[in-house]
Amino acid sequence: MATDHSELGIAMSPAVPAPGSRRTCQPRPLFVDQTAELGGAELSLRDIARHYAATGKVVLFTTGPLVDAMAAVGVHAVHLNAPAAVLELRREAGLGASLAAVWGLGRLVLRLARLGTGYDLFYANTQKAFVASALAGLVARRPVIWHLRDILSPEHFSRSILKLVRHLVRLPHVHVIANSHATARALLALGGKGERLVTIHNGIDPRPWAPIDLATLARLRGELRLGDRPTIGVFGRLAEWKGQHILVEALDELEDVQALIVGEALFGEHAYRARLDTVIERSGHADRIHLAGFRADVPALMQLCDIVVHTSIAPEPFGRVIVEAMLAGRPVIAAAAGGAPEIVDDGRSGMLIPPGDPRALAAAIRRLLDEPRLALQLAEAGRQRALERFGLDAALARIDAYVAEVLAKGRA
Ligand code: UDP
């Protein structure tokens with residue numbers, strides 16, 4: 001049984017086990033993810049898989065930079081070369097593509113089921129990985145935990161996928177960890193079962209976010225050719241719904257600042273990358289917009305910024321970058337939808353603005369630049385809140401407790 005219930009009727013994170021009560025016999029999860037790119041979901045998975053490195057294994061549907069990122073922290077990730085029909089299935093797919101995907105999925109499920117018999121449970125990290133794992137769990141007679149990191153809405157997923165997910169999450173061997181109340185609410189609205197659903201906010205390892213020395217920051221500033229103007233940073237993959245263009249538009253009202261855009265198009269969102277280039281060119285502000293591409297040194301880059309903004313125009317399932325900016329000790333302005341308001345307490349640990357509103361963003365940036373004491377207060381309170389509420393160790397302890405609960409239910 002989960003130990004607590006929120007006002008939503010969703011079971012809350014199980015209690016953190018007391019120090020010293022850690023099990024000596026760690027469970028063996030088989031982690032499953034459909035991509036091998038370095039998206040937020042995959043970076044979160046890396047931290048969880050590292051925690052279970054002695055007993056677990058990571059299976060990816062394809063290969064990519066995540067394999068090396070896992071290896072760098074001692075996690076062995078294998079990839080299954082899943083059929084293209086499964087990997088490339090898009091929400092607008094026709095009948096032919098859907099039938100090919102079903103056939104490919106069947107073969108994938110059997111391979112996963114075979115692998116799964118050597119493990120205690122399937123731990124699915126993405127939506128296609130969940131569909132395959134839920135079915136493989138039936139074949140291999142293993143429970144499944146889906147770490148849900150998406151807001152399941154018709155904006156992002158096709159009707160048929162949502163229908164399928166609704167059926168699968170109702171199966172008794174399926175359990176769900178939602179990464180925010182917002183993602184949990186969307187699953188319940190779809191027909192998910194509250195009693196097998198917990199909310200565990202993402203945890204971020206604070207160690208890389210310790211203050212960076214001034215010489216390193218000066219070197220980076222030179223490398224990126226950042227001028228002396230105040231720097232407003234936005235971090236995350238380039239995608240329409242992440243709304244980097246909102247910051248570009250906000251510059252119309254902010255003549256004295258420069259923007260640092262960090263991230264790259266990861267999941268087939270290259271058309272947006274091209275559109276962003278055009279928006280920047282037409283804005284007339286290209287000389288004060290710096291596109292840094294995908295970077296592995298986000299902690300240092302965030303510390304170069306005077307303010308970090310989050311500009312998503314659709315509800316953000318969680319928003320690791322928001323917590324990271326708070327850990328970096330920067331004042332944060334975030335778009336108030338999805339998980340963001342669960343992270344930022346408006347006016348106390350950061351500022352919230354309506355999504356998709358460049359004028360509101362410009363006004364919030366102007367206020368923080370004009371009121372440095374307020375900016376400092378928000379940054380300090382933000383760092384404190386991030387450390388207290390969104391630490392990696394606490395999140396891992398809650399995941400441990402939930403995995404144990406799921407396995408105990410299976411044995412009962
Ligand atoms: N990130 C990174 N390099 C980049 C841009 C982003 O390592 O150039 C990381 C960022 O630090 C964060 C993650 O990508 O940990 C994005 O996670 P978030 O939850 O904000 O968004 P998601 O990708 O899951 O939608």
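Ring geometry, His201 versus His181: the interplanar angle exceeds 60°, so the pair is classed perpendicular (tilted spans 30 to 60°). Note: Trp241 and His156 have perpendicular aromatic rings, judged against thresholds of 30 and 60 degrees for the angle between ring planes.
Counting only heavy atoms from C-beta outward, the side chains of Met351 and Leu378 approach each other to under 4.5 Å. Counting heavy atoms from C-beta outward, Ile48 and Phe31 have side chains that approach closer than 4.5 Å. At least one side-chain heavy atom of Ile399 sits less than 4.5 Å from a side-chain heavy atom of Tyr123. Side-chain contact between Leu260 and Val262: present, with at least one pair of heavy atoms (C-beta onward) separated by less than 4.5 Å. At a threshold of 4.5 Å between non-hydrogen side-chain atoms, the residues Phe157 and Asp150 count as touching. Residues Val169 and Trp146 form a side-chain contact, since some pair of their non-hydrogen atoms from C-beta on lies under 4.5 Å apart. Contact annotation: the side chain of Val248 approaches that of Ile261 to within less than 4.5 Å [non-hydrogen atoms, C-beta and beyond]. At least one side-chain heavy atom of Ile307 sits less than 4.5 Å from a side-chain heavy atom of Leu369.
In this structure, Asp297 pairs ionically with Arg295, as a charged nitrogen and a carboxylate oxygen lie closer than 4.0 Å. We find that Arg273 and Glu269 are not joined by a salt bridge, their nearest charged nitrogen and carboxylate oxygen being 4.0 Å or further apart. Using a 4.0 Å cut-off between charged side-chain N and carboxylate O, Glu240 and Arg275 make a salt bridge. With respect to the salt-bridge test (charged N to carboxylate O, under 4.0 angstrom), the residues Arg237 and Glu264 do not qualify.
Taking both residues in full, the closest heavy atoms of Phe61 and Ala129 are given as CZ-CA, 3.8 Å, listed atom of the first, atom of the second, then distance. The two residues Thr199 and Ser180 have their closest heavy-atom pair at CG2-C, 3.6 Å. Taking each heavy atom of Gly116 and Phe122 in turn, the nearest pair found is CA-CZ, 3.6 Å. Taking all atoms of both residues into account, the shortest heavy-atom contact from Val174 to Leu168 is CG2-O, 3.4 Å. Of all the heavy atoms in Thr311 and Gly243, the pair that sits closest is OG1-O, 3.0 Å.
Counting non-hydrogen atoms of other residues, nucleotides and ligands closer than 6.0 Å to CZ of Arg359 gives a total of 12 or fewer.
With hydrogens and angles left out, the side-chain atoms of Asp277 and Tyr272 include no donor and acceptor closer than 3.5 Å. Judged by distance alone, the side chains of Asn179 and Thr183 do bring a donor and an acceptor atom under 3.5 Å apart. Counted by atom type alone, Arg149 and Thr126 present zero donor-acceptor pairs between their side chains at under 3.5 Å.
With rounding to the nearest 0.5 angstrom, the CD atom of Gln384 is 10.5 Å from the CG atom of Leu327. Atom-to-atom distance recorded for Arg166:CZ and Leu187:CG is 11.0 Å, nearest 0.5 angstrom. Taken from OG1 in Thr231 to CG in Leu304, the straight-line distance is 7.0 Å, to the nearest 0.5 Å. Ile246 CD1 to Ser312 OG: the interatomic distance, rounded to the nearest 0.5 Å, is 10.0 Å. Interatomic distance, CG of Leu247 versus CD1 of Ile232, reported as 7.5 Å (0.5 Å rounding).
Considering Ile313, Leu238, Ile280 in turn, Ile313 is the only one that fulfils the side-chain contact (heavy atoms from CB on, under 4.5 Å) rule with His245.
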